[in-house]
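Because the structure is predicted, anything quoted here is derived from the model rather than measured. Side chains are part of it too, since the values below use all heavy atoms of this structure and drop only hydrogens, waters and symmetry mates.
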Amino acid sequence: MIENKAEIKLFQQFAKKYIAMKQIDWKINEELISSNRCVELVINDLGRPLVYLVNEARLNGQLIGDTPQERYQDYITRYIDTGKSAKRLGELFPILVSDLQNDIKQYSNEIKNIMKLYEQDQIELQRDGVISRIEPIKSVRIEGDLHGGQGVAIVELTDKQRFVYKPKSIANEIFVNGVLEFAERNSTKVLENYKLKALDKDCYGWMEYVSHSDLKSKNDAFQYYQRLGQLTAIAYILGLSDLHFENLVSQSDFPVLIDKEVIFSESLLTPQLLNNAQVRVNERIVNSVTGTGLLPIKNENKNFGGDTSAFMGGTFTTKQRVLENAGRDDLHFVRKVVRTKNTDHLPSYDNIPILPSDYLQSIKLGFQNVYFSIFDNKQSFIEWAELPSKAIKSRVLIRNTMEYGTLLQAAQSPTFSSKRAALFNKLRTYPALESETVIDSEIAQLDMLSVPFFYQRCDSNNVYDIFNQVVYSTGQSLFTNFKKVINKMSLYDCAEQLTMIDFSITSMEKLRYDGTKFNRYDNSKHVVNDESRLDTAKAALLKIIIDNAVVGDDNTVNWMNLTVGELDEFEFQVSDNSLYNGVAGFALPLLQAYQESHSVKLKKLLEQVVCTLKNDTQESDYSLFNGRLGQLLIIQNIEKVLNCNQSEKEPIKRCLQDTVHSTRILYDDVIAGYAGQIIAIYKNVDDLSDYMDELNGLGNILLKNGIIKGDTEYWQARDGSTLVNPSFAHGNSGILSALLIMYKLTAELKYFNAFLCGWNFEKQFKTDLGWKDLRKSDKRESPYWCHGAAGILEARLIWVQIDDEMHCLNAEQRLNVEDECWLATRNLLNIGLQLENFSLCHGVMGSLVALNDFARYVDNEKIKSIVKHHMNVVCEFGLEKGWICGLGTHYFSYGLFTGISGILLGIDTISSDTESILSLKL
């Protein structure tokens with residue numbers, strides 16, 4: 001990133017001096033010489049070592065001047081201008097110097113090649129409309145990095161005509177033009193789309209340059225978005241992907257897709273799936289319209305946090321190397337997280353971007369019209385496509401390009417530049433295709449400092465690399481895949497894709513709520529406490545879970561789960577088997593419903609859950625919420641209720657033993673560590689005597705891992721994280737609950753003393769409103785179960801109940817615990833009932849369940865009444881406007897702590913007035 005003129009001065013002067021000294025022919029293109037390309041190449045190849053040299057001279061006292069700015073100028077005068085820097089770089093970092101020299105030569109050669117090809121093809125370019133008249137070249141600007149010495153370039157002629165050179169066949173672009181024409185011929189409803197003028201020369205190609213232009217009137221947005229809906233249908237049917245915002249140009253009322261290198265392709269990046277149900281859910285996700293990249297839903301090809309879609313392309317996050325203290329002798333590079341917002345690709349009127357949410361019906365109409373123009377003519381479409389598709393070469397993704405990028409960045413650093421062979425060989429340990437031929441090719445391409453590139457011809461099942469060598473063979477040709485997609489088209493399929501389009505655009509708009517457009521949750525609504533409405537709500541939630549279960553041939557079950565990331569990215573995921581957000585957790589409300597109804601359908605579903613969990617062989621995580629212990633306890637509960645052959649205690653005992661002896665566990669907390677296991681066994685096992693050896697082992701590990709400071713103690717994760725937060729799920733409160741339980745079970749004072757020290761540590765975060773949430777910039781008190789009052793209240797309830805039995809707390813300590821219970825309760829009443837989410841972990845239902853647990857303990861009818869009223873408000877809102885955990889009425893988070901399952905279980909728990917899952921009672 002070029003920060004300012006001072007930064008440019010340093011690198012430009014160095015680059016010009018270096019080039020002059022090395023006598024490199026840079027002047028093949030005057031525009032390139034005077035542009036920032038020279039600076040960019042130097043920053044990329046020699047930026048970090050050059051900054052290193054400036055700081056070396058500063059630290060060695062070699063620079064003259066009274067200020068950092070004067071010393072910086074002295075370095076330029078005495079080291080850059082004299083060539084000493086270039087010589088020193090050659091001595092210290094010969095490989096990086098060689099990289100720059102090779103890059104300059106490659107750019108020079110590529111520009112010469114493009115000029116030569118233009119001279120050769122200019123008559124055909126004019127004939128095919130790529131240029132209107134033949135003129136000399138004014139400039140060639142290569143866009144991005146070179147791959148194998150070749151790159152995409154923008155060519156400008158002397159009369160300002162511009163067009164695009166691509167160093168590969170553009171048969172894909174021409175084929176898509178043909179598909180658009182086919183759709184238009186076979187339907188009177190399909191609007192004419194823009195067809196890029198192109199000239200394909202097999203090994204390379206030329207395309208017209210398309211630039212953004214405003215709509216002529218705001219009403220033209222309806223036609224624009226109908227056309228974009230048409231392109232979405234084409235992309236879905238042809239398996240086009242990676243269509244992010246940079247690959248879409250809005251030219252008046254025409255959306256133009258400018259890069260279609262991945263077509264007909266199925267990713268070879270196969271996820272590690274446990275059973276057939278997961279395979280089916282994964283196929284539904286990857287083979288849907290979300291895989292195109294057009295919609296604001298994260299998919300496997302996206303490498304940024306946030307929305308990079310062509311439809312919306314909102315704010316997303318990247319990490320960039322930025323030079324700080326430019327113009328000073330203490331300048332240095334830092335990696336910064338940068339939030340970027342892009343709107344240039346969107347249609348606009350009077351330079352104001354127009355988002356798609358108001359044009360959803362136009363989008364869906366366009367999609368539907370093109371879909372049925374091909375669906376109604378499937379056989380003739382396949383026959384037409386067979387011949388022109390033979391020219392297609394589709395890019396094949398062997399692994400996520402972020403892995404390549406990370407290796408290349410490291411290879412171009414001063415630290416690893418001389419260790420590239422060992423660095424690139426790390427690919428042999430990364431999960432990908434089990435093919436030495438592929439990995440050899442990847443390494444060979446990385447040695448050229450290029451992102452590895454692979455492709456497949458449409459009529460072949462062979463995968464080629466950039467050297468045109470066969471490196472892999474798939475099971476079938478791309479055209480065979482294509483025919484399968486066409487033959488799978490149906491009314492149901494079209495409806496499913498339209499639903500995904502509707503959901504993704506509408507939900508992203510809700511996520512970016514502007515305060516006026518969408519209804520938000522309002523807990524002040526007056527409702528009648530009607531038991532029948534609660535039953536209706538429970539039935540509706542149960543139906544969502546049952547209807548969306550996907551059953552595999554192996555009698556396993558899974559759900560397509562929706563998640564919303566920290567950076568506002570939607571993602572559909574195969575559900576894991578965890579208790580927190582997976583299949584084990586989904587089973588709890590199903591089990592409760594079965595006990596009430598004895599439904600044959602529910603019994604079958606629960607049996608499939610047991611089959612799914614028993615077939616999970618991934619036992620590296622033994623924790624309650626994320627791993628095996630939670631699954632085993634759920635299996636035990638289901639088998640007990642169904643009166644089937646119950647699993648013996650041995651699996652649970654073995655899980656605890658494995659935990660005690662494992663060296664891989666990084667956490668002590670309730671979610672992923674030892675504390676959660678201790679509390680779960682205490683809460684859910686009738687006869688603890690069989691597990692005392694294991695519980696003592698877990699307790700002793702907690703004691704060993706505590707960090708004592710004076711009369712305080714805390715626990716720190718071993719994964720490098722530094723945040724110590726007051727919380728039940730992730731912090732001291734959960735660990736202290738486990739220690740107090742161990743004191744009850746063993747009467748050993750070491751546990752009680754550690755409990756008191758840990759409690760002292762947590763008191764420093766207490767305020768008049770609750771407990772500080774250290775994750776927030778303002779440290780404002782949170783009501784959540786995971787990091788806040790709901791979880792802290794559950795911990796205190798465990799403490800007072802143990803004290804009721806043991807009388808281990810003195811009078812002052814007991815009073816303090818009770819005061820903290822009421823402090824947490826006030827926080828939940830004042831803040832927790834206002835949350836814009838209904839989940840157990842960080843939503844309204846978690847607040848209600850925690851309040852109900854407290855009201856049950858103190859027998860407070862007022863709080864019970866408040867809880868029941870707000871539960872009715874939640875249910876009324878959910879029935880009318882949707883359950884706020886999935887931002888829609890079609891797709892949901894089903895997680896026990898994040899979504900639908902937890903909402904249903906919370907209603908069941910409050911209605912039946914029983915102990916809740918928040919205290920780890922399953």
Side-chain angles (χ1 to χ4, degrees), residues 579-580 621-630 633 652 655-660 662 665-685 688 691-708 712-718 724-762 785-787 790-803 805-806 808-809 813 817 820 853 915-922:
L579 179 63
Y580 184 84
D621 189 327
Y622 310 114
S623 68
L624 173 69
F625 281 106
N626 296 338
R628 195 63 181 151
L629 181 60
L633 289 172
I652 294 176
C655 177
L656 298 177
Q657 290 169 350
D658 288 341
T659 306
V660 171
S662 175
I665 297 173
L666 302 177
Y667 307 97
D668 304 299
D669 62 17
V670 162
I671 287 285
Y674 307 105
Q677 291 191 318
I678 292 171
I679 301 171
I681 295 297
Y682 171 73
K683 288 276 188 177
N684 297 285
V685 173
L688 293 174
Y691 300 99
M692 284 310 301
D693 288 344
E694 290 77 22
L695 290 172
N696 267 312
L698 298 172
N700 284 323
I701 294 173
L702 283 181
L703 292 175
K704 183 185 70 174
N705 289 342
I707 301 170
I708 300 173
T712 70
E713 188 169 1
Y714 64 92
W715 285 258
Q716 183 73 60
R718 272 85 58 196
V724 178
N725 214 45
S727 84
F728 182 63
H730 298 290
N732 264 35
S733 281
I735 296 169
L736 301 185
S737 300
L739 290 171
L740 198 57
I741 287 169
M742 289 305 303
Y743 176 58
K744 177 187 173 183
L745 298 178
T746 66
E748 294 186 35
L749 281 174
K750 61 183 180 180
Y751 291 118
F752 187 67
N753 292 334
F755 161 78
L756 291 177
C757 287
W759 189 12
N760 285 337
F761 177 82
E762 204 166 57
W785 176 81
C786 53
H787 288 87
I792 290 173
L793 177 56
E794 292 292 345
R796 286 359 178 221
L797 287 174
I798 292 174
W799 302 358
V800 293
Q801 287 166 352
I802 290 177
D803 185 57
E805 298 177 42
M806 294 187 66
C808 52
L809 301 174
Q813 291 165 345
V817 178
E820 290 186 353
D853 282 345
E915 188 177 0
S916 79
I917 182 66
L918 298 189
S919 68
L920 310 198
K921 176 63 177 175
L922 305 183

[Y] side chain reached by [X] side chain, heavy atoms, under 4.5 Å:
| X | Y | result |
| --- | --- | --- |
| Leu793 | Trp785 | no |
| Lys750 | Asn700 | yes |
| Glu694 | Ile652 | no |
| Lys744 | Glu805 | yes |
| Leu702 | Ile678 | yes |
| Gln813 | Leu756 | yes |
| Phe625 | Asp669 | no |
| Tyr622 | Leu629 | no |

Centroid-centroid distance, Phe728 to Trp799, less than 6.0 Å: no

Between Tyr743 and Phe752, ring centroids under 6.0 Å: yes

Atom [atom1] of [X] and atom [atom2] of [Y]: how far apart are they, to the nearest 0.5 Å?
| X | Y | atom1 | atom2 | result |
| --- | --- | --- | --- | --- |
| Phe761 | Trp715 | CZ | CH2 | 9.5 Å |
| Ile917 | Leu579 | CD1 | CG | 5.5 Å |
| Trp759 | Leu739 | CH2 | CG | 14.0 Å |
| Tyr682 | Leu688 | OH | CG | 8.5 Å |

Answer yes or no: is there a donor N or O on one side and an acceptor on the other, between the side chain of [X] and the main chain of [Y], under 3.5 Å?
| X | Y | value |
| --- | --- | --- |
| Asn725 | Ser727 | no |
| Asn732 | Gly758 | yes |
| Asp803 | Cys808 | yes |
| Gln677 | Leu698 | no |
| Lys683 | Leu920 | no |

Closest heavy-atom pair and its distance - Asn626, Ala672: ND2-CB, 3.6 Å

Contact summary for Ser919 and Glu794, nearest pair of heavy atoms: CB-OE1, 3.4 Å

With Glu713, the side-chain contact (heavy atoms from CB on, under 4.5 Å) member among Ile708, Leu736, Asn753: Ile708

Derivation and outcome, side chain to side chain contact (heavy atoms under 4.5 Å, CB included), residues Met692 and Thr746: CA-CA 9 Å; Met692 284 310 301; Thr746 66; 4.0 Å; yes

Are side-chain N/O atoms of [X] and [Y] paired as donor and acceptor at under 3.5 Å?
| X | Y | value |
| --- | --- | --- |
| Asn705 | Asp668 | yes |
| Asn760 | Thr712 | no |
| Arg796 | Ser737 | no |

Check against side chain to side chain contact (heavy atoms under 4.5 Å, CB included), Ile679 and Leu624: CA-CA 9 Å; Ile679 301 171; Leu624 173 69; over 6 Å; no

Full working for side chain to side chain contact (heavy atoms under 4.5 Å, CB included) between Leu703 and Tyr751: CA-CA 7 Å; Leu703 292 175; Tyr751 291 118; 3.6 Å; yes

Intermediate values then yes/no, side chain to side chain contact (heavy atoms under 4.5 Å, CB included), Val670 and His730: CA-CA 6 Å; Val670 162; His730 298 290; over 6 Å; no

